Amino acid sequence: MSEKGLSSFFEGFLNKESVFLDKKVLQGSFIPETVEHRDPQIDKIAHILAPCLRLEKPSNLFVYGKTGTGKTLAVKYTSEKIKETAEKANIPLKIFYINCKLKRVADTEYRLIAQLTREFGREIPSTGLPTDDVYRIFFSTIDKEKQLILIVLDEIDQLVKKTGDEILYNLTRINEELKQSQIAIIGLSNDLMFIDHIDPRVKSSLSEEEILFPPYNAFQIQDILRRRVPLAFRDNVIEQGVVEKCAAYAARDHGDARRALELLRVAGELAERKGRITVALRDIDDAEDTIERDRVVEICEAQPKQSQLILYSILSQKEVDLIHTGEVYEIYRNLCTQTGMRPLTQRRVSDVLAELDMLGIITVKVISKGRYGRTREISLSVPQIIIPKIIALLEQELSLA
DNA sequence: GTCAATTCACATGAAAGAGACCACGGTCTAGTG
DNA sequence: CTAGACCGTGGTCTCTTTCATGTGAATTGACGA
């Protein structure tokens with residue numbers, strides 16, 4: 001595009017009416033005025049948290065439900081309201097929301113406590129201090145004045161999976177060390193089985209109260225979308241049936257409202273990019289492809305070189321759709337000698353394969369072939385159409401021929 | 001034919017090392033009065 | 001005398017290796033019918 005062409009493109013872009021009114025409404029972090037179809041849960045959360053307002057420690061709360069079932073939203077919504085009330089009445093109530101999955105922020109015990117302490121305005125170095133010291137600083141910081149602290153730990157299952165459940169034990173016992181302040185914990189988990197796998201002592205104190213968020217059904221998702229469409233899009237932008245289709249797609253896999261909103265947003269972006277002023281049914285299908293492709297590409301790019309090479313080893317065997325650990329390792333070793341990389345041990349490759357499975361790039365099944373041993377049966381779990389793209393990407397990243 | 005033992009090819013767990021990053025406290029050094 | 005440079009020690013964290021143990025069904029081989 002020539003310089004003139006480019007500037008006229010930008011001008012055209014500026015003058016063209018966007019299909020969006022406010023894209024933020026469709027993003028996960030948006031907290032709407034009202035929360036749909038979650039009244040019983042919000043009610044229960046409110047009842048459990050209400051003692052905060054009298055500076056009494058509320059019960060610890062454990063909230064679980066699949067992704068996109070509104071856990072985070074409901075907890076944030078309720079805690080916002082309670083915070084407003086507390087501020088009006090001048091009650092020293094502090095609420096912190098921490099996502100334990102965030103890499104390099106709160107995914108270890110040290111970082112979690114450090115992050116909490118930072119929320120109170122004390123700078124904590126990202127490394128270098130013993131964990132005990134960080135705890136000590138944390139205690140002295142919060143125990144300076146009388147206050148009630150509510151800590152919301154989102155994706156707490158990820159944290160425990162990574163670092164073990166000691167941290168929860170420590171957290172639930174914090175109150176014994178504190179003289180003035182009190183802490184209550186709200187744990188959110190996507191994993192329904194999570195609570196059954198932790199230490200019983202921790203379990204009893206963490207989940208004094210439990211709330212389950214069931215998946216939304218297609219009609220509920222439709223409602224949620226309809227509520228947000230007028231805020232997010234201009235009038236008459238959304239064609240007939242688009243909302244229904246979005247809802248149906250999202251309900252198909254475990255009623256994920258976040259996914260429905262993302263679909264709608266990406267569909268809007270695609271329509272806009274094609275220069276249309278309405279969002280049509282087929283934009284939803286395109287959006288689904290785009291989201292999946294972007295997700296996979298993003299993950300592949302973010303992988304360390306070794307994982308990329310292992311993934312490439314799997315992809316390069318395109319004629320067979322099932323491949324086993326030993327074969328992958330063979331191919332991988334050969335590729336290593338070709339490229340001059342030092343090969344990882346089979347033990348490590350085994351773990352990398354499990355990680356790639358977790359990321360949803362490949363599907364892995366541990367099977368026993370009787371006399372012929374036990375192995376992982378590996379197949380791809382990304383759509384065929386995007387495989388060439390990934391291969392090209394990996395070849396470029398790894399500078400393979 | 002039946003049934004327990006064997007065997008394979010890894011899976012899975014635990015521990016520990018390497019290397020990067022960082023804080024802290026003590027010591028040294030150069031500049032200042 | 002003091003501020004700043006420098007160094008050693010000890011901490012976290014990620015990625016990885018090493019060593020050890022676990023596992024599930026096809027196969028094998030002994031046994032009895």
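Letters go in sequence order (proteins before strands), and every chain restarts at 1. Bear in mind the structure is a predicted one, so any value in this text is a computation, not a measurement.
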Is the distance from OP1 or OP2 of [N] to the nearest side-chain N or O of [X] less than 4.0 Å?
X	N	value
A/S368	C/dA26	no
A/K162	C/dC13	no
A/T131	C/dT12	yes

For this session: List in numerical order all residues of residues 338-350 of chain A for which some heavy atom is under 4.0 Å away from an atom belonging to DNA chain B.
Result: A/Q346, A/R347, A/S350
Exercise. Under 4.0 angstrom, heavy atoms only, what part of the nucleic acid is A/D107 near: base, sugar-phosphate, or nothing?
Worked result: sugar-phosphate
Problem set entry | Earlier contact from the 5' end, DNA chain C, for A/G128 and A/Y110 | A/G128
For this session: Report the distance from atom CD1 of A/I142 to atom CD of A/Q180, rounding to the nearest 0.5 Å.
Result: 11.0 Å
Gap between atoms [atom1] and [atom2], on [X] and [N] respectively (whole Å):
X	N	atom1	atom2	result
A/E109	C/dT12	CD	P	10 Å
A/I137	C/dG11	CD1	P	15 Å
A/K305	C/dT14	NZ	C1'	17 Å
A/Y332	C/dT16	OH	P	8 Å
A/D351	B/dG13	CG	C1'	10 Å
A/D133	C/dT12	CG	P	9 Å
A/I124	B/dC24	CD1	C1'	14 Å
A/R371	B/dT7	CZ	P	7 Å

Counting only side-chain heavy atoms from C-beta out, which of [options] sits nearest to [X]?
X	options	result
A/L129	B/dC24, C/dT14, B/dC10	B/dC24
A/T325	B/dC10, B/dT12, C/dT28	B/dC10
A/P130	C/dT14, C/dG11, B/dA11	C/dG11

For this session: Please lay out, stage by stage, how A/R276 and A/D283 fare under the test salt bridge (charged side-chain N to carboxylate O under 4.0 Å, His left out).
Result: CA-CA 11 Å; A/R276 296 208 317 273; A/D283 290 325; 2.4 Å; yes
Problem set entry | A/R252 to A/Y249, cation-pi by 6.0 Å centre distance and 45° axis angle | yes
Exercise. Does the side chain of A/E210 pick up a donor-acceptor pair with the side chain of A/Y64 at under 3.5 Å?
Worked result: yes
Problem set entry | Flag for A/S313-A/R333: side-chain donor and acceptor within less than 3.5 Å | no
For this session: Would you check, one step at a time, whether the test ring-ring contact (aromatic ring centres under 6.0 Å, His included) holds for A/Y312 with A/Y332?
Result: CA-CA 8 Å; A/Y312 183 75; A/Y332 163 75; over 10 Å; no
Exercise. Quick check: does any side chain N or O of A/Q220 sit under 3.5 Å from a backbone N or O of A/N217, one acting as donor and the other as acceptor?
Worked result: yes
